[in-house]
Amino acid sequence: MEILHYEDYQILLAIPLLLSVYFYYNCETQRLRHIPTIGFNSPILSYLSAIKFTFMGYKMIQEGYIHYHGQIYKFPTLTRWYVVVNGPTFTEEIRKAPDSTMSFINALDETIRITYTMGHYMIENTYHNSVVQSKLNPRNLGNIFHEINDEIIHAFDLIIPPSTEWRRYPALETIIKILCRPVNRVFVGLPLCRNQEYLDLGVKFTTDVFTRAIILNMFPFFLVPLVGRVMGPSRTIHRAADHIAPLINENLKAQSNGNKDSERKCSSLFLDSLIEKATEEERSPDRLAGRLLTLDLAGMHTTSTTLVHALYYLAFRGNEYLEPIRAEVEEITSREGWSLDSLSKMKKIDSFFREILRVHTMGPLLSRITLKGYTFSDGTWIPKGTMVSASSDSAHYDQSSYPNPREFSGFRYVDKGERERKGNRSYDAVTITEDFMSFGFGKHACPGRFLATVNLKLMLAHLVLNYDMKLEHEEKRPKDLYIGLSILPNTTAAIMLRKRVLE
Ligand code: HEM
Ligand SMILES: *[C@@H]1O[C@H](CO)[C@@H](O)[C@H](O)[C@H]1NC(C)=O
Ligand SMILES: *[C@@H]1O[C@H](CO)[C@@H](O)[C@H](O)[C@H]1NC(C)=O
């Protein structure tokens, strides 16, 4: 006797699931009802706002910034509420809170489901962060500056061979193809950093992780572990491990030989340190590969989208930015050559990137999850398990820090930096201040920002010296895309490049 078809069973199954999501969500709605809301507040209607948020999230955050200036508000997403604190006092409170009160990794885990997309060891042990801090700081980057520069020159010659004809290049795709080379020159060294198959794995891993996370986040929270286990972590890790296993063996052999340099073929500064600092358990090719790919994920799209924003400005407003930057690079390098030191004297490029990071902040919410109840200084109470975010907008668009805050003004910090340096305040692109949070803040501030800015500045300097550029469609600068919580440059627009013609 067949009463129900298979499909009907699925529908039956869906009902309790939906109810439980609804129940969970509703529970949270109750607990947070004392906090003002953007969009609808009631349990069912807030779902409509959550859907709207998926498409227009950033517009809603801007609305929050204007309506709830200096206050705390919340907005709904499909799976939970986000509580946003708006203003320097609250931001400072989050910055100061210990990880046991406001957890960075738990918030990240909920967004990209680290346990299931990468592996739980990435949460339990984050020693790769301290290796980034100790190896990719200005002093050590100074030592490998010429390797990075060499790789950038090599990559440009390969990917954008000099041509006297204008040629069309999809901006983001081309920049990623170039950027992954200097980054991996630092991570794994020659010759692996020129192995296209290995380089592609870095890009594929990012796609793997985000696709898996999006799928997982469509399930109610209590099913995530089950679905996550069935899906398993990205298999790209395993393929990358095959490539780096020989490097690990060489490194371990060299270590047991008392580190005689002649015995070592692996010149990869970063991987070497990652191996040396690893516990026995962390030394497997799979785990080391997982960490390298994770750093690719953290660094590749953030850096490349920043450079694409820069290219759109240069190609569109040629005379406003291209010529002054070109002149600066020529003047400094003809006098001092290329080094980390000469690069740090290029104040216009530095200011240009700081302003891009301020105005086109990729992720304007810096999020933590509360592991305990917390009361903010205005008396607002936040229960345990709440997603709490500081909004960088409230810092980046503050009239008192930035005259005409909505205007993009690429050389804003050239003078400001000069003035403020007398008071020992730096406005370099890598310097985090209370009015500049594009690299985050506090303990979890981006440890990769020194590497990122060296690559950004060197690649831009190389571009302006060696190529002429224009937009494919001159009439307008491609608009930014707002997707959920992030802002991206147009990911498909192209720029036209040709070998620079010297008059
Ligand atoms: C323009 C480029 C980049 C931007 C805008 C950027 C931005 C950020 C932000 C906003 C955070 C979170 C901070 C917080 O919530 O307080 C972060 C964390 C992090 N970034 Fe970056 N990043 C960039 C490049 C890189 C690069 C190149 C690497 C790798 C070498 C990297 C590695 C990391 C890591 C490992 C963390 C986590 C730190 C922790 O767990 O404490 N980033 N980054
Ligand atoms: C700035 O730094 C110098 C040298 O490090 C110090 O002598 C001076 O007092 C500092 N100025 C301010 C305003 O903090
Ligand atoms: C990106 O730019 C291209 C070319 O200018 C345009 O055709 C496309 O519609 C833009 N994409 C978005 C999502 O705006």
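What you are looking at is a predicted structure, and each value in this text was computed from that prediction instead of being measured. Sequential numbering from 1 along the given sequence is applied to the chain's residues.
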Electrostatic pair K348-E330, nearest N-O below 4.0 angstrom: no
Partners passing side-chain hydrogen bond (donor to acceptor under 3.5 Å, both in side chains) against H309 (at least two apart in sequence or in another chain): none
Side-chain heavy atoms of F145 within contact of I148, under 4.5 Å: no
Short side-chain to backbone donor-acceptor contact, R283 and I275, under 3.5 Å: yes
Set of side chain to side chain contact (heavy atoms under 4.5 Å, CB included) partners for K96, sequence neighbours left out: E92
ring-ring contact (aromatic ring centres under 6.0 Å, His included) partners of F408, counting only residues at least two apart: Y313, Y321
From Y413 atom OH to R354 atom CZ, the distance as rounded to the nearest 0.5 Å: 6.0 Å
Atom CZ of R406: over 12 foreign heavy atoms under 6.0 Å: yes
Non-neighbouring partners of N125 that pass side-chain hydrogen bond (donor to acceptor under 3.5 Å, both in side chains), sequence neighbours left out: none
Pairing residues for D109 by the side-chain hydrogen bond (donor to acceptor under 3.5 Å, both in side chains) criterion, not counting sequence neighbours: none
S400 and D398 side chains, donor-acceptor separation under 3.5 Å: yes
Donor-acceptor contact below 3.5 Å, side chain N490 vs main chain T492: yes
Side chain to side chain contact (heavy atoms under 4.5 Å, CB included) evaluation trace for D296 with F205: CA-CA 9 Å; D296 272 347; F205 180 71; 5.9 Å; no
SB check E165 R498 (cutoff 4.0 Å): no
Using distance only, find each side-chain donor-acceptor pair of residues 171-183 under 3.5 Å and give its atom names and separation, not counting sequence neighbours.
unit_1 : atom_1 : unit_2 : atom_2 : d
T174   : OG1    : P170   : O      : 2.6
R181   : NH2    : Q196   : OE1    : 2.8

Side-chain heavy-atom pair I114, I105 within 4.5 angstrom cut-off: yes
N/O donor-acceptor pair under 3.5 Å between S391 side chain and D393 backbone: yes
Minimum-distance pair of heavy atoms, taken over all atoms of P285 and I248: CA-CD1, 3.6 Å
Flag, side chain of N137 to backbone of N140, donor-acceptor distance under 3.5 Å: yes
Donor-acceptor contact present, side-chain T236 to main-chain K204, <3.5 Å: no
For E197, all residues meeting salt bridge (charged side-chain N to carboxylate O under 4.0 Å, His left out), sequence neighbours excluded: none
Full working for side chain to side chain contact (heavy atoms under 4.5 Å, CB included) between E147 and V186: CA-CA 8 Å; E147 289 197 47; V186 174; over 6 Å; no
Side chain to side chain, T294 and M122, heavy atoms closer than 4.5 Å: yes
Carboxylate-amine/guanidinium contact K347 D428, below 4.0 Å: yes
Trace of the salt bridge (Lys or Arg N to Asp or Glu O under 4.0 Å) decision for D272 with K277: CA-CA 9 Å; D272 279 352; K277 296 279 177 337; over 6 Å; no
Y82 vs S367 side-chain heavy atoms within contact, under 4.5 Å: yes
E276 and N251, any side-chain heavy atoms less than 4.5 Å apart: yes
Rounded distance (nearest 0.5 Å) linking atom CG of D242 with atom CD1 of I237: 12.5 Å
Side chain to side chain donor-acceptor pair (under 3.5 Å) partners of residues 477-489, not counting sequence neighbours, each pair once: H360-D480
Side chain E328, main chain I349, donor-acceptor under 3.5 Å: yes
Partner residues of H154 under the ring-ring contact (aromatic ring centres under 6.0 Å, His included) criterion, sequence neighbours left out: none
S103 side chain to D99 backbone, donor-acceptor under 3.5 Å: no
Donor-acceptor contact present, side-chain N217 to main-chain A213, <3.5 Å: yes
Side-chain donor/acceptor of E355 to backbone N/O of S409, under 3.5 Å: yes
Distance, nearest 0.5 Å, that separates CG of D150 from CD1 of I144: 12.0 Å
Side chain to side chain, M118 and S234, heavy atoms closer than 4.5 Å: no
Set of side-chain hydrogen bond (donor to acceptor under 3.5 Å, both in side chains) partners for R239, sequence neighbours left out: none
Heavy-atom pair with the smallest gap, counting every atom of F439 and V430: CE1-CA, 4.4 Å
Face-on cation placement of R358 at F436 ring, 6.0 Å and 45° thresholds: no
Least distance between heavy atoms, L343 atom then V454 atom: CD2-O, 4.1 Å
Nearest heavy-atom neighbours spanning P162 and K499: CB-CD, 3.8 Å
Short side-chain donor-acceptor distance under 3.5 Å, D435 and H396: no
Main-chain N/O of T279 paired to Y127 side chain as donor or acceptor, under 3.5 Å: no
CA sep, side-chain torsions, deciding dist, call: F210, T117, side chain to side chain contact (heavy atoms under 4.5 Å, CB included): CA-CA 8 Å; F210 283 104; T117 55; over 6 Å; no
Rounded distance [0.5 Å steps], CD1 in I487 versus CE in M362: 10.0 Å
Cation-pi, Y402 ring and R412 (6.0 angstrom, 45 degrees): no
Salt bridge (charged side-chain N to carboxylate O under 4.0 Å, His left out) involving E282 - partner list, sequence neighbours excluded: R287, R291
Gap between atom OG1 of T89 and atom CG of N86 - 0.5 Å precision: 10.5 Å
Close side-chain approach of T91 and F441, heavy atoms under 4.5 Å: yes
Contact check, side chains of Y397 and V359, non-hydrogen atoms, under 4.5 Å: yes
Shortest non-hydrogen contact between G410 and S351, atoms and distance: O-OG, 2.7 Å
Nearest-0.5 Å distance that lies between atom CG in L357 and atom CE in M437: 13.0 Å
Pairs satisfying salt bridge (charged side-chain N to carboxylate O under 4.0 Å, His left out), at least one member in residues 441-455, at least two apart: none
Heavy-atom pair with the smallest gap, counting every atom of Q399 and P405: OE1-CD, 3.8 Å
